[in-house]
Amino acid sequence: MAELELSFIPALYKPSSLLPIARHRQSLLYAVEQFPVLIVIGQTGSGKTTQLPQFLEEAGWSGNGKVIGVTQPRRVAAVTVATRVAEEMRCNVGEEVGYSIRFEDKTSAKTRIKFLTDGLLLREALMDPLLSRYSVIMVDEAHERSLSTDVLLGVLKKIKKKRPDLRIIVSSATLQAKEMASFFANEGDTDSECRIISIEGRAFPVDILYLERPAEDYVEKAVQVAFDVHKNEANGDILVFLSGREEIETAIQLLSEQAAEIHPKAQALLPVPLYAGLTTDEQMYVFEPAPDNTRKIVFSTNIAEASVTIDGIAYVIDAGFVKLRAYNPQTGIDTLTAVPVSKASATQRAGRAGRTKPGKCYRLYTEAAFSRLPESTVPEIQRSDLAPIVLQLKALGIDNIVRFNFITSPPSRLVTRALELLYSLGAVDDYAKLTKPLGTRMAELSLEPMMAKVLLSAPGFGCLSEILSIAAMTSLQGSVWFHHDGGRKAMPASRHKFAVDEGDHLTLLNVYQAFLTKGRKDSKWCRDNHLNHKSMLRAVSIRTQLKRYLERFGLSVDESLNSNGMQSKQGAAEKAKQIGKCLTAGYFAHAARMQPDGTFKSVSGGLTMHAHPTSLMFNRKADFVIFHEILETSNKIFIRDITKIERSWLLEYAPEYYKVKS
DNA sequence: GAGCACTGC
């Protein structure tokens with residue numbers, strides 16, 4: 001029996017030789033041999049991510065202590081691709097093939113191909129500025145133009161000048177290759193520096209259909225079209241792209257009402273929601289095949305465009321909108337608004353219908369409207385708060401941010417705003433140079449600049465242990481509580497249990513400490529308290545990592561103080577005060593004062609803001625406060641993670657910043 | 001009085 005099993009080749013290994021990329025093996029290897037930069041254009045299914053690293057390994061590009069590095073924008077991708085390639089190379093993950101993501105390093109001395117997130121590779125550059133461990137670096141999914149991908153490409157271009165032996169491969173699904181090629185060219189001499197190779201994909205054809213006239217309400221239209229498809233088209237699941245949770249819930253409601261009219265013996269319709277705010281378990285429903293005589297219809301945000309792939313989709317309905325975040329350097333506020341998708345996005349969405357068989361894509365807009373869409377989405381680097389990026393680049397020795405070679409330059413106002421903030425935090429000096437040790441340490445911490453400043457100020461306030469926990473908890477970005485299981489009433493009650501008068505930060509600290517004593521090994525305790533167990537475990541990892549950074553800086557963390565200080569009431573109150581002051585030392589630019597009507601006015605600009613409904617301050621009284629995050633949605637400005645402070649603290653810990661107003 | 005697209009260190 002055993003022998004017989006061995007004589008079979010598992011199907012998984014076989015298709016690689018059938019993949020389109022196999023025919024390009026020689027030309028790819030030749031190009032890598034001859035040119036410092038190779039740009040590979042290939043659709044999903046071309047095999048570039050899994051096969052190209054293996055070609056390079058077989059051709060001898062790894063060894064002598066050098067590794068082939070392949071970056072991904074997302075953690076899951078790094079893990080799943082590494083697992084797949086390890087299977088194909090018949091080794092365990094962590095041996096010849098490994099991966100490295102935050103909190104998880106599955107590599108060893110044997111590793112020849114290493115998959116990692118692009119953000120992590122940038123971190124490695126802090127320790128090893130020429131990335132000397134790598135013989136080849138392949139930047140995958142470059143067309144997504146994520147913040148770290150763009151920064152990495154700029155850094156690689158700089159490294160290339162000092163390391164002629166390094167080979168850079170940029171892999172992209174769209175035809176922005178020319179832009180990439182001229183980016184890497186030396187003074188316009190593209191031909192000697194860069195080679196472009198296109199690999200055909202293996203997707204099935206997708207028919208595109210447009211509306212004759214624009215739809216008045218695309219949510220209603222989406223439901224109606226889904227129904228028409230269900231009645232008239234052959235088997236195959238439906239994927240509907242909408243812009244957010246609210247639209248998805250409305251659509252599912254509408255569909256369920258109409259589905260009641262379907263004949264009991266006819267094929268049924270099963271609507272399933274998909275958005276990032278759902279827990280992992282809830283997201284898993286979209287992967288389950290529909291029951292017999294039932295068609296599955298997934299209502300999804302942009303998450304299904306690139307991050308999540310669902311099998312069995314034959315029909316895509318594209319409403320044509322996406323919610324994009326954009327940072328306003330004048331006000332310092334992030335806005336989140338629904339905007340029309342780009343052509344590249346619409347194409348990617350349509351492609352989701354042709355993964356297993358030919359499909360159809362119904363666009364809920366006219367062909368004329370499509371032709372007016374922008375070619376591609378504005379890269380993140382042109383619409384983000386750049387303070388973290390500027391800090392990181394400076395730590396990499398890149399001082400002149402304006403002259404740094406970005407593939408697309410950020411607007412100068414974004415750079416100026418970032419420098420102003422870093423200056424006010426003391427991270428850079430009058431000459432925009434990183435200060436020592438404060439600025440260099442802030443850059444090393446995996447925290448936003450304001451929180452990095454808070455953490456590094458904490459020893460002076462005697463609350464380092466507490467701030468470590470608070471920093472870890474705010475890093476979770478709101479995923480601490482879950483609130484979408486229908487239990488909208490139960491959640492506030494269980495949050496009330498942990499509430500601390502001073503505000504959200506101390507409440508988060510309280511949750512963290514309760515988790516350590518009661519919930520760490522007890523996911524039921526978390527569920528009962530509406531806490532996300534996975535997120536809480538993540539907070540523990542983040543805290544451990546931050547603590548290790550501090551120890552490397554020579555700052556010791558005395559964990560025993562934490563419980564002693566909290567024992568008496570006066571002790572607790574004094575500690576809370578110190579934590580409030582410490583938070584003010586980093587978040588003074590995020591200060592506001594509550595108005596008699598319960599809204600807030602920013603101290604610096606007089607903006608009217610509202611406490612987010614998830615904040616303790618949503619229904620409590622306060623005077624001066626600081627907050628972690630500010631976001632504008634549908635013309636209302638919300639602040640989140642709010643803590644009460646005293647006005648005098650602002651003047652004490654940010655005299656420069658507030659001297660005009662005082 | 002009432003709500004967050006998606007990633008990453």
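Letters A, B, ... mirror the listed sequences (proteins, then strands); counts begin at 1. Heavy-atom basis, side chains included; hydrogens, waters and symmetry copies ignored. Every value quoted in this text rests on a predicted model; they were computed, and no experiment measured them.
- Residue A:Phe618 and nucleotide B:dG1 are classified as a stacked aromatic pair, their ring centres being separated by less than 5.5 Å at an interplanar angle below 30°.
- Atom-to-atom, CD of A:Glu305 to C1' of B:dT7 comes out at 13 Å; the value is rounded to the nearest Å.
- Remark: A:Ser243 is not in phosphate contact with B:dA5, judged by side-chain N or O atoms under 4.0 Å from OP1 or OP2.
- A salt bridge between A:Arg640 and A:Asp504 is absent, with no side-chain N of the basic residue lying under 4.0 Å from a carboxylate O of the acidic one.
- Between A:His610 and A:Phe638, the two ring planes are tilted [angle within 30° to 60°].
- A tilted orientation is assigned to the rings of A:Tyr587 and A:His628, their planes being inclined by 30° to 60°.
- Looking at heavy-atom distances under 4.0 Å, A:Glu629 makes contact with a base.
- At the heavy-atom level, A:Arg123 lies under 4.0 Å from base atoms of the strands shown.
- OP1 or OP2 of B:dC9 lies within a sub-4.0 Å distance of a side-chain N or O belonging to A:Thr117.
- A donor-acceptor distance shorter than 3.5 angstrom exists from the side chain of A:Asp217 to the backbone of A:Glu220, with no hydrogens or angles considered.
- As judged by a 4.0 angstrom heavy-atom cut-off over every strand, A:Ser146 is placed among residues making no nucleic acid contact.
- Here the P atom of nucleotide B:dA5 and the CZ atom of A:Phe321 are 16 Å apart, to the nearest Å.
- Within the 4.0 Å cut-off from OP1 or OP2 of B:dC9, at least one side-chain nitrogen or oxygen of A:Arg75 is found.
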